[in-house]
Amino acid sequence: MTAKKVFRTLRNHWKKSTFAVCVLSYGGHWLYGKHCDNVLRREACIEARAFGHQLIGPQEHLKKAIVILNPAACNRKANSLFEKNAAPILHLAGVEVKIVKTDYEGQAKKLMELMDQTDMLIIAGGDGTLQEVITGLLRRVDEETFSKIPIGFIPLGSSNSLSQSLHLVSDNKVQHITSATLSILKGETVPLDVLQIKSEKEQPVFALFGLRWGAFRDVTASISKYWYLGPLKTRAAHWFSSLKQWPQSHQASLSYLAPVPRPPDLPTEIPPRPNLLYRIYRRLKNYWNPPIEEPEPERWESKDISTLELTVSTHNKNPVKRVSTDIIVALHGNVCIINSIEFLLIGVVYCLQREDDSMVITLDSDSLTEGAGFYGIDNEEYEAMSVEVRLLPRKLRFFCSAERREQLAQAQ
């Protein structure tokens with residue numbers, strides 16, 4: 001009888017019943033997600049505590065880490081995400097953490113000028129924070145010393161391009177952050193190339209992925225303006241961009257030097273020091289017969305290009321299994337995207353691939369049209385001007401998870 005009354009009540013009030021079922025289902029799913037997040041945090045803390053229980057020698061000291069945290073990242077949720085998911089792991093592992101929070105855009109560059117020596121540098125933020133820290137670090141007068149500090153990246157921003165190269169990709173934000181933090185504790189690193197982008201007016205800017213200039217970059221930057229169109233905003237951005245200007249071609253004169261050998265990889269183990277007699281003999285030989293290196297004459301080649309977009313990029317998307325090629329690029333004018341010795345011009349493709357080589361490229365600023373727009377340097381917008389792009393091979397070392405390293409090594 002009671003069951004019949006319940007069924008009759010639900011049938012007579014089906015709208016309220018449907019609403020209650022939806023609310024309970026959503027609430028149950030939300031609670032289950034919170035429970036799963038707490039389980040992930042607890043497992044990560046247990047794993048981190050094992051590092052904290054390791055004994056250290058009497059002459060050793062606790063590892064020191066400087067964390068550059070951008071609280072404004074991820075719609076101002078970064079500080080909460082770091083305190084809940086990353087900070088407990090670092091403290092349980094026995095790391096002496098010094099957290100430095102940025103207050104405004106560009107402050108991370110200035111903070112790097114004042115940074116003291118540390119065992120590791122941790123960047124907690126997104127692509128913008130990462131680029132600011134890298135730029136500030138490599139602008140230092142003593143950058144040769146500080147560039148040897150291993151760097152950890154905790155993905156807390158809305159855009160985390162580098163995280164896909166270093167850590168396991170996960171849709172769960174908590175798992176993504178905890179796995180990235182644990183990879184810092186495990187200590188396995190991978191070398192990454194850096195692009196140095198210099199102009200005549202400004203100090204150099206450094207990028208880990210590349211520099212873009214052209215129609216597709218402009219469209220990508222304008223997609224957010226059409227947020228009210230929902231899933232159609234990307235198509236709308238391309239459509240309106242085509243209506244404003246057609247054809248969307250960019251002309252420039254591309255010049256480049258012949259490839260030069262890539263510097264050899266640094267040995268993983270320090271070779272034994274030669275004996276005293278051999279060192280004396282080698283010094284005397286170099287003194288009486290010093291080696292003479294005659295520089296080869298520069299042979300520039302030029303091409304006139306017309307394209308929708310030009311890109312200069314590194315191989316950092318897969319730093320484990322990369323082609324043994326690097327590039328030095330000099331750009332005068334607006335734009336460029338590079339793939340180690342591979343130049344992709346959307347609409348025109350030049351494949352200048354020579355293994356174990358590097359090269360220099362120049363865009364003639366006189367051949368570029370006025371109002372060239374903006375560069376996209378690691379997803380950050382910069383005004384287009386005459387620049388010189390140079391590749392710094394294996395300049396920085398980043399912490400990388402062993403699982404992600406295996407995945408990248410197996411990738412084709």
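Quick caveat, the model's predicted, so the values are computed rather than measured.
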| query | Between Phe240 and Tyr226, is the ring centre distance below 6.0 Å? | reply | yes

| query | Is there side-chain contact between Asp37 and Gln175, with at least one heavy-atom pair below 4.5 Å? | reply | no

| request: Check the pair Lys395 / Glu144 against salt bridge (charged side-chain N to carboxylate O under 4.0 Å, His left out), numbers first and verdict last. | output: CA-CA 9 Å; Lys395 185 63 177 178; Glu144 286 293 338; 3.4 Å; yes

| request: Rounded to the nearest 0.5 Å, what's the gap from CZ on Phe153 to SG on Cys400? Could you check? | output: 13.0 Å

| Are the side chains of Lys98 and Lys64 in touch, meaning some heavy atoms are under 4.5 Å apart? | no

| remark: Residues Arg217 and Phe374: closest non-hydrogen pair is NE-O, 3.2 Å

| So, for Ser165 and Asn316, which heavy atoms are closest and what is the spacing to 0.1 Å? | OG-O, 3.0 Å

| query | Under the side-chain contact (heavy atoms from CB on, under 4.5 Å) criterion, do Gln117 and Thr145 qualify, and how do the steps go? | reply | CA-CA 9 Å; Gln117 188 63 250; Thr145 300; 3.7 Å; yes

| Quick one: CD on Glu113 to CZ on Arg140, what's the gap to the nearest 0.5 Å? | 8.0 Å

| request: Working to the nearest 0.5 Å, report the span between CD of Glu132 and CG of Leu137. | output: 13.5 Å

| Does Glu381 CD have over 12 foreign heavy atoms under 6.0 Å away? | yes

| message | Would you say NZ of Lys63 has more than 12 non-hydrogen atoms from neighbouring residues, nucleotides or ligands within 6.0 angstrom? | response | no

| task | Identify the two heavy atoms, one from Thr102 and one from Pro71, that lie closest to each other, and give their separation to 0.1 Å. | result | O-CD, 3.3 Å

| Just wondering, more than 12 heavy atoms not from His61 lying within 6.0 Å of its NE2? | yes

| query | Which atom pair, heavy atoms only, marks the closest approach of Leu121 to Met112? | reply | CD2-SD, 4.2 Å

| field | Neighbour count >12 (heavy atoms, 6.0 Å) for atom OH, Tyr228 | value | yes

| query | Quick one: are Leu40 and Cys36 in side-chain contact, heavy atoms under 4.5 Å? | reply | no

| said: Is the shortest side-chain heavy-atom distance between Asp378 and Ile134 below 4.5 Å? | reply: no

| Is any side-chain heavy atom of Leu69 closer than 4.5 Å to a side-chain heavy atom of Leu156? | yes

Side-chain donor-acceptor contacts of residues 80-93 below 3.5 Å, not counting sequence neighbours, with atom names and distances?
from  : atom 1 : to    : atom 2 : distance (Å)
Asn85 : OD1    : Arg41 : NE     : 2.6
Asn85 : OD1    : Arg41 : NH2    : 3.4
Asn85 : ND2    : Leu81 : O      : 3.0

| field | Flag side-chain contact, heavy atom, 4.5 Å: Ile184 against Met120 | value | yes

| request: State, with a plain yes or no, whether a side-chain heavy atom of Ile197 is found less than 4.5 Å away from one of Tyr375. | output: no

| said: For Tyr278, is the OH atom crowded, meaning more than 12 foreign heavy atoms sit under 6.0 Å from it? | reply: no

| field | Gap between atom OG1 of Thr135 and atom CD of Gln203 - 0.5 Å precision | value | 10.0 Å

| Nearest heavy atoms of Glu380 and Gly128, plus distance in Å | OE2-CA, 3.4 Å

| Heavy-atom pair with the smallest gap, counting every atom of Ser161 and Asn379 | OG-ND2, 3.1 Å

| query | Side chains of Ile151 and Leu396: closer than 4.5 Å at any heavy-atom pair? | reply | yes

| Thr314 OG1 to Asp193 CG distance, which is reported to the nearest 0.5 Å | 6.0 Å

| request: Starting from the C-alpha separation in whole Å, work towards a yes-or-no answer on side-chain contact (heavy atoms from CB on, under 4.5 Å) for His35 and Leu31. | output: CA-CA 6 Å; His35 169 72; Leu31 289 174; over 6 Å; no

| Does Lys173 NZ have over 12 foreign heavy atoms under 6.0 Å away? | yes

| said: Let's go through Glu47 and Arg42 carefully: what are the C-alpha distance in whole Å and the side-chain angles of both, what is the deciding distance for salt bridge (charged side-chain N to carboxylate O under 4.0 Å, His left out) to 0.1 Å, and is it a yes or a no? | reply: CA-CA 9 Å; Glu47 188 172 352; Arg42 182 163 55 248; over 6 Å; no

| request: To the nearest 0.5 Å, tell me how far Leu166 CG sits from Glu188 CD. | output: 11.5 Å

| So does Arg279 have more than 12 non-hydrogen atoms from other groups sitting under 6.0 Å from CZ? | yes

